[in-house]
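Below is one structure; the comments refer to it alone.
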There are 2 protein chains.
Amino acid sequence: MVTLSEENYLKTIYHLGKQGTIAVSTNAIADKIETKASSVTDMIKKLADKNLANYIKYQGVSLTNKGRLAAALVIRKHRLWEVFLVNNLNFSWDEVHEVAEELEHIKSLKLVDELDAFLEFPTHDPHGDPIPDKDGNYSPIKSINILEIEEGKEGVLSFVKDSSDVFLKYLNKNNLALGDSIKVLNVEPFDRSLSIETKSKKLIISREAAENLYLSL
Amino acid sequence: MVTLSEENYLKTIYHLGKQGTIAVSTNAIADKIETKASSVTDMIKKLADKNLANYIKYQGVSLTNKGRLAAALVIRKHRLWEVFLVNNLNFSWDEVHEVAEELEHIKSLKLVDELDAFLEFPTHDPHGDPIPDKDGNYSPIKSINILEIEEGKEGVLSFVKDSSDVFLKYLNKNNLALGDSIKVLNVEPFDRSLSIETKSKKLIISREAAENLYLSL
DNA sequence: ATATATTTTTAGATGTGTCTAAAAATATTT
DNA sequence: AAATATTTTTAGACACATCTAAAAATATAT
Ligand SMILES: [Mn+2]
Ligand SMILES: [Mn+2]
Ligand SMILES: [Mn+2]
Ligand SMILES: [Mn+2]
């Protein structure tokens, strides 16, 4: 049996481990989970005891296959619930995360699969993140960062890297939503801000904002 | 903040307190929750400290208005989720309880209200139990036990008192479902078993089974 | 390479919810 | 009304997940 707390650690290690292939550090986990390093050490040991993680003292952790699958299942549930909340319960994309954090821990396997079917097997959540299948696999993101697109080209907003409240609300305010067509006009050399054009209007976004927007061509 | 465990105790006290108006005993709660009497005493004190229950040593507990409302909200969530599982996720009425036991603890108020709207404001769950509104109120059950219906009369199965796995599966096996028209044929004087007739066939049910079936006329 | 800083682990404590065993209160018999 | 049985509470323990403070290991700077 995997506890709620263990699931949260698995998910965090999974996410932190995505980029580099190196083991995840104790402090990195502590920061993400907003807990103390000593608590992380305790939990890591528990995960290793359950064969969910590989752990060598002072060397960080990585997930075992078993742990990676468990983590992917939690992420699958999180993202499916987010889709449900947005598509069926009138939540906006900046309201779903907190609730999904609770719903992702509901155990029933039938529930996940039936929810998946009910939602008609979505491949991405409301923030453009891919939804893992039962085996933990998903097709890799093929969208590219808006800063890497040449001036004059157009694409569809299909993923936001930062899905925090503040950023999503900033996008709402500027009428930018997933699925919108966006044309890259030009980059201001001074501060590297970006002029873009949507169906409704032209606007300028900062480099920080641009770094989180991904388009598919 | 009310914890998951506290919510389960509130719900149990609410259910046990329904019938008599007397306070609920420690052992009654322990039996329902499948825990020890000493654990119940501990928790009761906590509920009293939080003004959710009235407690006098050795005299049992009852809920305060605050406690009753909190309990009703948990029951509201439980039953709404059961409706969702049956109506939208292909669960049968004997599969929903366990999952609803987990879902009922999800906190978001928006979630409950949006779910309610999505389900089109159902008044009863898949077992015929009434769904409390936001204020904890619901219209009283007007269905009557099948044993109190005179021979020859007909009614619609609208509530099952026992919603345990075994009983529901027994009903499935005998093709009895909520909403079915049932005619009371006669009571066997020997063992007080009941002959009934549905659209599809006649059958005999035991007194124990009959005690759990309620019809609306 | 040594000293200093940072990261990580250990040791010991705390809060929640549970348990067992024993004591206290209440209920039931005789 | 005593004696006996049952229920309820208390006392003390334990698992889990967390914390603080201190020790140990590793990384960085001089
Ligand atoms: Mn999320
Ligand atoms: Mn998401
Ligand atoms: Mn139920
Ligand atoms: Mn029910």
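Letters A, B, ... are given to chains in the order of the sequence lines, protein chains preceding strands, and every chain is numbered from 1.
The distance between atom CE of A/Met1 and atom P of D/dA15, rounded to the nearest whole Å, is 17 Å. Atom CD1 of A/Ile33 and atom C1' of D/dA17 are 12 Å apart (whole Å). In this structure, B/Ile22 places its CD1 atom 13 Å from P of C/dA27, rounding to the nearest Å. Rounded to an integer number of Å, the gap from A/Asp42 CG to C/dT9 P is 10 Å. Distance, A/Leu10 CG to D/dA17 C1': 15 Å, rounded to whole Å. When rounded to the nearest whole Å, the span between CD1 of A/Ile29 and C1' of C/dT7 equals 13 Å. If you take CG of B/Asp31 and P of D/dT8, they are 10 Å apart, rounded to a whole angstrom. Taking atom CE on A/Met43 and atom P on D/dC19, their separation rounds to 11 Å, with Å as the unit.
When each of A/Lys46 and B/Val40 is assigned the nucleotide of DNA chain D bearing its nearest heavy atom, the one mapping closer to the 5' terminus is B/Val40. Between B/Ile44 and A/Glu6, it is B/Ile44 whose nearest contact on DNA chain D lies nearer the 5' terminus.
Between D/dT7, C/dC19, D/dT18, one nucleotide has an atom nearer to the side chain of B/Lys36 than all others, and that is C/dC19. Comparing C/dG17, D/dA25, C/dA11 by their closest approach to the side chain of B/Thr3 singles out C/dG17. Picking from C/dT9, D/dT8, C/dC19 the nucleotide with the shortest atom distance to the side chain of B/Ala37 gives D/dT8. Comparing D/dA17, C/dT10, D/dT9 against the side chain of B/Lys57 picks out D/dT9 as the nearest. Considering only the side chain of A/Ser25, C/dT8 comes nearest among C/dT8, C/dC19, D/dT18. For B/Ser5, taking side-chain heavy atoms from C-beta onward, the closest of the listed nucleotides C/dT18, D/dT18, D/dT9 is C/dT18. Proximity note for A/Ser39 (side chain, C-beta onward) versus C/dT9, C/dT18, D/dT18: the nearest is D/dT18. Comparing D/dT8, D/dA11, D/dT18 by their nearest atom to the side chain of A/Thr35 picks out D/dT18.
Between the side chain of B/Ser38 and the base of C/dT20 there is at least one donor-acceptor pair of N/O atoms closer than 3.5 Å.
The side-chain heavy atoms of B/Phe84 and B/Phe91, taken from C-beta on, include no pair separated by under 4.5 Å. Considering only heavy atoms from C-beta on, A/Trp81 stays 4.5 Å or farther from A/Val99 through its side chain.
Taking side-chain N and O atoms only, A/Asn27 has a distance below 4.0 Å to OP1 or OP2 of C/dT8. Close to D/dA23, at under 4.0 Å from its OP1 or OP2, lies no side-chain N or O of A/Tyr58. In this model, the phosphate group of C/dT9 is not approached by any side-chain N or O of A/Lys45 to a distance below 4.0 Å at OP1 or OP2. Side-chain nitrogen and oxygen atoms of A/Tyr9 include at least one within less than 4.0 Å of the OP1 or OP2 phosphate oxygen of D/dT18.
The pair A/Lys46-A/Asp42 does not count as a salt bridge, with every side-chain nitrogen at least 4.0 angstrom from each carboxylate oxygen. Residues B/Lys169 and B/Asp165 are paired through a salt bridge, judged by an N-O separation under 4.0 Å between the basic side chain and the carboxylate. Taking 4.0 Å as the cut-off between side-chain N and carboxylate O, A/Lys11 and A/Glu104 count as a salt-bridged pair.
Atom-to-atom distance recorded for A/Leu73:CG and A/Asp135:CG is 10.5 Å, nearest 0.5 angstrom.
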